[in-house]
Enquirer: 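Please read through the structure below; I'll follow up with questions.
In the text below, chain A, chain B and the rest are named by the order of the sequence lines, each starting its count at 1. Everything numeric here is computed off the predicted structure, so don't read it as measured data.
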Number of protein chains: 2
Amino acid sequence: MRYVAGVDLGGTKTAAAVVGADGSVLVQGQIATKNRDGGTAILDATAVLVRSLRDRAAEQGATVDAVGVGSAGVINAVEGTVLSATDAILDWTGTHITAGLSERLGLPSAVVNDVHAHALGEAWLGAGAGTSTSLMVAFGTGVGGSFVVNGQPLLGHHFAGGHVGHFASPYAVHRGRPLPCSCGHAGHVEAIASGPAIRAAYVREGGSAGLADTRAVFEAARLGDELALLVISRAAAAAGQAVGGLVNILDPEVVVISGGLADAGSFWWNGMERALRAELLAPLADVPVARAALGNTAAVVGAASLVLS
Amino acid sequence: MRYVAGVDLGGTKTAAAVVGADGSVLVQGQIATKNRDGGTAILDATAVLVRSLRDRAAEQGATVDAVGVGSAGVINAVEGTVLSATDAILDWTGTHITAGLSERLGLPSAVVNDVHAHALGEAWLGAGAGTSTSLMVAFGTGVGGSFVVNGQPLLGHHFAGGHVGHFASPYAVHRGRPLPCSCGHAGHVEAIASGPAIRAAYVREGGSAGLADTRAVFEAARLGDELALLVISRAAAAAGQAVGGLVNILDPEVVVISGGLADAGSFWWNGMERALRAELLAPLADVPVARAALGNTAAVVGAASLVLS
């Protein structure tokens, strides 16, 4: 069986594994991303991680023959470079990931954005396994997604496809004004349906700023806090409405919902799914809506799949 | 050069042409669709039309060797059947278009929904020519679209992809309530941005019901009617906002705007494009937004392209 390395390179940590052609994970490891040290240092550390996994795999008789990467940032998947990235990883923009890793490891390599890698993993082995088209939408720190068609994510002409958090939501208003969005515009899905947006709405509408994060708002809701219940149910409705509209546009075989909010319990999930189904055109009424199944492994195996096919 | 027949089978008329592999139109013709007579009668009449064009092409030395169809309705492009259709064409649902035409004409055939055919034509020879991905959105009696990737429209798992009029629009509200949509739900883009929605808004907000159709509202706007200007500018903003969000999601190389409203003058167009660009993520800011270039020929040549590639 062929073996390759899959790498999920995020803003805080870099996870990697040696993955077999059947999707089995042979060995895995993780390091902190050197997110203050720039592209060269990050590639150096990533190569050390992959090399150590390759050595461990070799002890089990497996030869790693390629490396696939899912990386934070907007990634030119053809050139293997970072087109842009936030300050979460300093000096990441411009890094030539594939050339840098191939040079360090002597292996062919490929890279896509980490959200696409995540969706590829779920499409291959997770909640989308066995389908030919799957739409993944992740609700967490931001709102992002990927539409996978026959094992290929739709990357887009500028490699910016999948920014499903940045279209207008009727819920993303406060006192008649569109809520500011992380992208610099306003009124977008992400501005009402992300995790931080839930906490921001709670505080904006008079809740205690002592609730430090999204998790605290969910905990308050569990204890019966009515404002917490309101802002969560509105965020869930906005999320579901957005995904339902995407289903009408893309008609995927399955919808995979991921991110921290997908794991935040049935109150958010049920509100999200109810709103999603309320949008669906009649022929699409039975579309399966599944929770992401692979957790943090999704992006690693999805990245591996880039160099397995 | 190869020649094929392309057919655009709509609710009121059926247009057809003999199209060369280079996109040239050799001969063309048109009949009224027998929209009250059912599938068999429609296929009979379509075959007569294609046969007459084939004979005229033969007189010029061209042999038609296949037929491609763009048809109204939800079309199963694999089976070549009509999955569902509105009462605009009675008893069209269930018709086996490809088998029926191949039997009558002795030619291989293929079919897709007419909006996809339209987009294929624009992607091949029109406003999207030379691009590898194009998003067409048509604003007319309804709002529909198609995302064409490397000459293939994204058809969707239930062949319902491209229903871009059926996602939530912040503009599709009246007195705090979502406007009813043709799909049976409410608050969708089509409910505020279609042609009929413009006339409905005009009447709903106190304008004279004597303005019989969308065209009359545009004429009133040209004469300075403030309510007409308001409802048109709002519809244009809703249209542009919707398309801008789709661009963020799909990142097409070019956006093609089609339908009656795209040809209704600069007031609608400028409002639409301004709202569209206000939505765009920074890497997408320069996406070209082009008016559809082929008019009624688009769907005929797009249908022909189905059997040319």
Side-chain angles (χ1 to χ4, degrees), chain A residues 74 83-84 131-135 145-147 149 152 154-173 178 181 183-189 237-238 241-254 275 277-287, chain B residues 74 83-84 131-135 145-147 149 152 154-173 178 181 183-189 237-238 241-254 275 277-287:
Chain A
V74 177
L83 289 172
S84 65
T131 65
S132 57
T133 54
S134 58
L135 171 67
S146 177
F147 185 49
V149 178
Q152 304 287 333
L154 281 184
L155 297 174
H157 185 64
H158 306 82
F159 300 98
H163 277 103
V164 300
H166 301 283
F167 67 104
S169 170
Y171 289 99
V173 291
C181 183
C183 70
H185 300 310
H188 288 169
V189 173
Q241 182 185 62
V243 178
L246 291 171
V247 172
N248 288 342
I249 294 161
L250 299 170
D251 185 10
E253 189 170 350
V254 62
R277 296 205 177 276
E279 292 295 306
L280 298 178
L281 298 171
L284 310 178
D286 295 329
V287 65
Chain B
V74 177
L83 289 172
S84 65
T131 65
S132 57
T133 55
S134 59
L135 171 67
S146 177
F147 186 49
V149 178
Q152 305 286 333
L154 281 185
L155 297 173
H157 186 65
H158 306 83
F159 302 97
H163 278 101
V164 301
H166 301 282
F167 67 103
S169 170
Y171 289 99
V173 290
C181 184
C183 70
H185 299 310
H188 288 169
V189 173
Q241 182 185 62
V243 177
L246 292 170
V247 171
N248 289 341
I249 294 161
L250 299 170
D251 184 11
E253 188 170 352
V254 63
R277 296 205 177 274
E279 292 296 306
L280 298 179
L281 298 172
L284 310 178
D286 296 328
V287 66

Enquirer: Sequence neighbours excluded, which residues qualify as ring pair (Phe, Tyr, Trp, His ring centres under 6.0 Å) partners of A:Phe167?
Expert: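 So A:Phe167 forms a ring pair (Phe, Tyr, Trp, His ring centres under 6.0 Å) with B:Phe167.
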Enquirer: Is there side-chain contact between B:Leu154 and A:Leu154, with at least one heavy-atom pair below 4.5 Å?
Expert: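 They are in side-chain contact.
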Enquirer: Provide the closest heavy-atom pair for A:His163 versus B:Asn248 in the form atom of the first, atom of the second, distance.
Expert: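 Where A:His163 meets B:Asn248 most closely, the heavy atoms are CB-O, 3.3 Å.
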Enquirer: Report the option among B:Ala168, B:Gly165, B:Gly244, B:Ser146 that has the most heavy-atom pairs separated by less than 4.5 Å from atoms of chain A.
Expert: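 Of the candidates given, the most pairs with chain A belong to B:Ala168.
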Enquirer: Quick one: which of A:His158, A:Gln241, A:His188 has the most heavy-atom pairs under 4.5 Å with chain B, could you say?
Expert: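 Looking at each of A:His158, A:Gln241, A:His188 in turn, A:His158 comes out on top.
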Enquirer: Taking A:His185 for the side chain and B:Ala278 for the main chain, is one N or O donor matched with an acceptor at less than 3.5 Å?
Expert: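 Judged by distance alone, yes, a pair lies under 3.5 Å.
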Enquirer: Residues in side-chain contact (heavy atoms from CB on, under 4.5 Å) with A:Leu83, at least two apart?
Expert: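 A:Leu83 satisfies side-chain contact (heavy atoms from CB on, under 4.5 Å) with A:Val74, A:Asn76, A:Phe159 only.
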Enquirer: So which of A:Val189, A:Val287, A:Val254, A:Leu280 has the biggest tally of heavy-atom pairs under 4.5 Å with chain B?
Expert: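 With the most close heavy-atom pairs to chain B, the winner is A:Leu280.
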Enquirer: Please flag which part of A:Thr131 lies under 4.5 Å from any non-hydrogen atom of chain B: side chain, backbone, both or neither.
Expert: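 Contact with chain B: none, neither part.
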Enquirer: Please report the interatomic distance CZ(B:Phe147) to CG(A:Leu250), rounded to the nearest 0.5 Å.
Expert: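 Rounded to the nearest 0.5 Å, the CZ-CG separation comes out at 9.0 Å.
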Enquirer: Of all of A:Ala172, A:Gly161, A:Pro252, which one pairs up most often with chain B through heavy atoms under 4.5 Å apart?
Expert: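 Winner by heavy-atom pair count: A:Gly161.
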Enquirer: Examine distances only and state if a side-chain atom of B:Asp251 and a backbone atom of A:Ala160 form a donor-acceptor pair shorter than 3.5 Å.
Expert: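 Checking the backbone N and O of A:Ala160 against the side chain of B:Asp251, a donor-acceptor pair under 3.5 Å is found.
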Enquirer: Against chain A, work out which of B:Cys183, B:Ser84, B:Pro283 has the most heavy-atom pairs shorter than 4.5 Å and name it.
Expert: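 The candidate making the most pairs under 4.5 Å is B:Pro283.
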